[in-house]
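All remarks here apply to the structure that follows.
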Amino acid sequence: MFLLMNLIPRVGEFAGIFLRKMAQNEIEEMLDHLRRIKSEGNLDSVKINRIEKLEMVLKYHHVLLPDSLVKLTKKAKWIVQMVQWVFDGIPNECKTNLNLERLESHLSEFFEGKKSLSYNYVLNDFDLSKYMDCLEKNLNDVLTFLLERVGSDSPEENLTIHRFIKQLKILQKKMRFLSYLYVTEINGYVNHEKMECLETLIQFMASNVGQLCLVVADFVDDTDEYDIFNKPSYLLCLIVLVELEMKKILLSELKTSTFTQSRTFKGKKLPKGFSHHLHSLLMYLRNKKLENFPNNISAQNIDVAIEFLLVFLDADVSNHVIDDNWLKEVLLKVGAIVGDVLYVIQKLLPSSITNDDTSKVSLCSIQILEKTKNLKAQVETYYKSLIFTPSQFPTFGGLSFLDSVLKKLNEMSKSKSGLDFLMKPFLCNLEKDISPLTSILQKELSSLSSIFRDVAKVHHEHKIPKDLQRRIINLTYEAEVAIDSILSQYNAFLHVFCSLPTILKEIKQINAEVTEMWSVDIALKAHYVVGPSKHLPTQHSNLVSDEEIVGFEIATEKLIQYLTRGTSELDVIPIVGMGGQGKTTCARKLYNNGIIVSQFDVRAWCIVSQTYNRRELLQDIFSQVTGIKDKGDKDDVLADMLRKHLIGKRYLIVLDDMWDGMSWDDLRLSFPDNGNRSRIVITTRLEKLGVQVKYHTDPYYLPFLTTEESFQLLQRKVFQPEGCPPELQNASLAVAKRCKGLPLVVVLVAGIIKKRKLEESWWNEVKDALFDYLDREFEEYGLATMQLSFDNLPDYLKPCLLYMGMFPEDSRIPVSKLISLWIAEDFVENIETAEGYLMDLIGSNVLMVSRRRYNGKVKYCQVHDVVLHFCLAKSKEENFMLAVKGHYIQFQPLDLKGSRVRFSFSEEHSKFTSLGSKTQKPFHQHLRSLLTTNKGNYVPFHQVSELRLLKVLDLSSHFVDFLSSATLKPLIHLKYLGVSSYEFDFHPESHLPHLETLIVKNNVNVVLLPVSFWEMEKLRHVEIADAKFDFEESKDGSSQLENLRILRHVRFPIEEVDRVDVLLRRFPNLQQLHVDIWNNAAPFCLTYENLTQLQMLHLSFRCNGQVFRLHLPSNLKKLVLTKIPIESGIPFIAGLPCLEYLQLRSPYFARSQKWSLGGIMFHKLKFLKLVLLGISRWDASEESFPLLETLFIRGCYKLKEIPLSFAEIPTLKQIKLIECNESLENSAVRITEEVEAIEGCDRINLITIKVSREKNSYVLFFSIYIHLMCKQYVQYRIGQQGI
């Protein structure tokens, strides 16, 4: 029995060997036959290429490790299909009787057998020599293969391939030398047991070379282009490990060898990216160990070494290490340890499991641990000796930025999860080092924040603390970078031992200094009198004379009425507009108007500005209305004298350029109300101030010049009486358009063009580089105009304004996106506050409203080019952000300089200054935000994933074929992610813990949201095209995403509708939801009433089922329904008590082409939008929509008329018709005429827009084209996955 038990496994082993031998024979027979066919010339070049690749892959199998053999096993079916394809189309007499079905099983058996052998195979001296020879031959095959492919192409035509070939030749040369060294100096002279590590390294390298051959031959297709072209440098890294092991053998066993003292192992440069490749190799080894081997003491020792080495290598070591010799020494020690780790994991651990002998593993692991301890002591000592130099970070953000960092420190103190890796063996003392540092930092910054707030409250200017505040903000930026770097395990040793202690020391010194200043109340001065601003423009204060004033005719007419009519009481008329818009010009036009001059007894004009003095203002006005010169009276005396002099007189006072309410409060008591229509005109950039100072008349918001008015003003300033020549009319008009209606820009540009006004090329040159010329000629005036507005903003608004530079010129910026970005940048904490900031910027006339929502809220905003130019210039000056432009090939994120970068793709190569030079440290270590604009052709995600400190990443301007969230796993600080991908994989492993906004556009495959989605607790806005929940995995979960406010484009099949309510309860605070209901079904019920915070809902029905019940939350304000079965759905909708906005898109009418509302009422509906209704008749009364304000109809081609009863809706203000028939338009005209006849006014604004048939046809064609392309792409991806 004992003999039988031992014989059975041997019989099985012999049978396996016999079957593999049969398989190998049949495979060789197939290859011989293919070679004969190739030699007889019966095949085309494509099929010959395929045969050559088959030969290559079956030649390399014996050097491959199990991982690569697994990939080949999966390719067996594809190989057989390729053989069949080769046989197709050749003469019958050339074909073979080869059984292709059997060949597939033979290939699988063959590769599986090789895989099992490779786990346990022990090399002898002869095998190792053969391996090294094989390595050289394989490299030669790859080189030959590539050289044939590039042919006679010059290096410039195929630069990447030629560089790749050059690296392979270097690799081949090094392999030849190592092979020679092994054969002549080591083989036969050293005990085989002492060469096991060397053998393992060579075998591992041979497998990697073989895998490279497979990639080049297209037999392994899961490696991206970056990995392929990076492979030679990785192999050179492995060669260094082999060299280190050979050196160790020569020094310990063959001291007499001539090579021990030669230059072979001395003074050589390490290959490029050596530390990076060592890191990649360690990650591979760690994952392999975790997957395959038990967790005993020896394995734990290996873990400790790997973790320390990973943290050390995961840094820009060469960047902050000054001593190159020290760095090389340390990296070689690291390489030697990595070689030992590879030996243990690749060789000893598998062998110990098979032979049940762990003694050798235990000994090696202890040796590795001891080497790592010594290395760690050396590294720690060195980093503590470094001197930290702060970077030039921006200082905008003030106390709000300080608050965001304090909040982060507070969260860290409550939860140690981010510092878990520091608790591991060998790193635990780092946790002891950093915890006190962060606690002290939190305490110091809290103290400083409190003092600075106290200074601000008393409205004093404390010059020294203000300067120190800038230094504190700068150091706080440094501290945040240091902490975030440690949390992302990036340059951890540098920041723990060097930068953070230095930063904290300086912050403590500043805190002590500020505390002492504040306690003794040094140098506090009233903010009552302000010194002259260096930015105040004086040289060009009268750019436009009265004779040259163009435009403002309508404005002047309205303002004259305000000044001469209306109330007999004193009135204040504020004129509000942005800097350079012409407020002063318009006011002067009024002031000098003959009607106005004759209307008032006395007039006075004074400039208030940001630099006002109460006494000087009062004296200025008093002198103008009395003619009496300054006698040195005090301000209170002057105020009383002015008031007495104005009593009984009809006066006009213009207060130009007012910036705050204090100046108005200082003056207003001097202006008596005589009951005779006296007037005060105030010009200001601030909307809030305009509202604050007005009496009876609302602020007048000055419009921009029209293109025609800009054109006239430009011509008048350039050509004056002679007029513009006809041949320059078009060029002049183009320049006028470029000025975007801002008079200041028109006038300044005219001064530039006047020099060469008759040259058309000069006009075009100035137009194309408008602001470059303005800076050159009028920098002290052009930028200074905006600087005044900027200086007037509170600190917390300044970064919000400068951030507008992250958007391209003329872009309409979605407010929802802008607010999400502000929150991600830590400029503001929540949506409500951000909306307030937005309105403050609009009220300061530095931001413009582009489009409003139905309820008056801003939907899109934009900035004038003047403001954008200022933001870009100021941001560059203060290191706040950089806007760069270049070809997609120039998009190298690791070279980008700055904390925030906007990269605009262009067709041409650009010379931009944003790239760090070789002498500078790489700035990507501080890059926090990266946005791209315009469409590019390539995004190097391998580089993007190395930008560990990114908070904001928006690459949505560029489409990629495939993207997995796992690619971005290292970006643990990411808060905002926007991408465009045809196929997006939401990886099931939990990562991106701080992500708040996730937007994935233009996806064509369904994205399955895994269970890990529920672990992303900070998500606030999720928008993934065609996303679907994994109901089976999620049904038992109870975790909630309490911060989620917006969820769009979620797909729910009808059969899962019943479970939707349970799922959505896990979003208790959801405010906006967009859901797609799919598939045909019987009548169904939708229940969303548990979403008590929901305000906006978009339901798209991709089915024909009837809604027999629709339960919606009672506080819903906006509802969009696409393809709803309308007859069954409308009764449920009308019952919503708070509904203000309703949009029906392509509703489904099951019974007729008539829509009759009957007695159904929408009690609070303000906005009704109907798109693509297939009805011809609509019956509704004024009682159906008692509060309707806007009716919007688009593409309802069959609808003949709007019910005439709409004329009786008293709140109706606008009817907008797009792509509608003439009959419908006529009915709208009748309604407006009816209202005008009854009420005597044109209350309803009628807008009709026609779209040409050609455009309609184009839109239809384009939609179909996109649909087909997406469909083909999906089929292509499915086909690829099936191979």
Side-chain angles (χ1 to χ4, degrees), residues 65-70 115-123 193-205 207-208 237-238 241 244-245 248 275 277-314 333-377 379 417 419-431 489 492 969 989-990:
L65 291 175
D67 295 344
S68 301
L69 288 166
V70 167
K115 183 178 72 172
S116 61
L117 284 174
S118 65
Y119 275 119
N120 305 305
Y121 188 59
V122 178
L123 294 172
E193 186 176 341
K194 293 181 179 180
M195 290 200 303
E196 280 189 350
C197 182
L198 178 62
E199 292 169 352
T200 305
L201 289 170
I202 291 175
Q203 185 182 15
F204 185 79
M205 187 166 63
S207 176
N208 276 272
C237 168
L238 295 181
L241 302 190
L244 288 171
E245 186 60 26
K248 185 174 78 173
S275 60
H277 293 308
L278 285 179
H279 186 277
S280 300
L281 176 57
L282 278 172
M283 291 295 292
Y284 165 80
L285 294 172
R286 183 178 70 170
N287 293 337
K288 183 173 181 182
K289 182 199 143 303
L290 292 173
E291 290 172 4
N292 299 303
F293 303 114
N295 187 25
N296 52 32
I297 296 297
S298 298
Q300 289 172 13
N301 287 340
I302 299 296
D303 281 340
V304 169
I306 289 176
E307 291 299 332
F308 171 78
L309 294 175
L310 285 175
V311 172
F312 173 72
L313 292 170
D314 207 356
K333 287 181 179 180
V334 172
I337 298 173
V338 172
D340 292 343
V341 171
L342 188 149
Y343 168 54
V344 171
I345 291 177
Q346 290 290 121
K347 185 72 177 179
L348 295 186
L349 279 174
S351 177
S352 69
I353 294 171
T354 304
N355 303 326
D356 196 23
D357 180 11
T358 60
S359 58
K360 192 178 288 187
V361 174
S362 177
L363 178 62
C364 283
S365 69
I366 292 171
Q367 291 173 346
I368 288 171
L369 192 62
E370 194 62 34
K371 290 179 183 178
T372 309
K373 283 182 180 178
N374 295 334
L375 179 65
K376 176 183 175 292
V379 168
S417 59
L419 298 173
D420 280 350
F421 81 100
L422 295 176
M423 303 291 289
K424 294 180 179 178
F426 264 42
L427 301 174
C428 59
N429 62 329
L430 298 189
E431 196 276 333
Q489 304 184 38
K969 183 180 178 181
E989 184 180 345
S990 179

Heavy-atom side-chain contact between [X] and [Y] under 4.5 Å:
X    : Y    : result
N374 : K333 : no
L375 : L309 : yes
M205 : L201 : no
V361 : V344 : yes

Calculate, to the nearest 0.5 Å, the distance between atoms [atom1] and [atom2] belonging to [X] and [Y] respectively.
X    : Y    : atom1 : atom2 : answer
Q346 : L285 : CD    : CG    : 6.5 Å
D340 : L369 : CG    : CG    : 12.5 Å
E245 : E199 : CD    : CD    : 10.5 Å
I306 : N301 : CD1   : CG    : 11.0 Å
T372 : I337 : OG1   : CD1   : 4.0 Å
I368 : L363 : CD1   : CG    : 10.0 Å

Contact summary for [X] and [Y], nearest pair of heavy atoms:
X    : Y    : answer
C364 : Y343 : SG-CE2, 4.1 Å
S362 : S298 : CA-OG, 3.2 Å
L244 : G335 : CD1-C, 3.9 Å

Got more than 12 heavy atoms from elsewhere within 6.0 Å of NZ, K969? no
Set out, in order, the CA-CA distance, both residues' side-chain angles and the distance that settles side chain to side chain contact (heavy atoms under 4.5 Å, CB included) for C237 and L278, then state yes or no. CA-CA 7 Å; C237 168; L278 285 179; 3.8 Å; yes
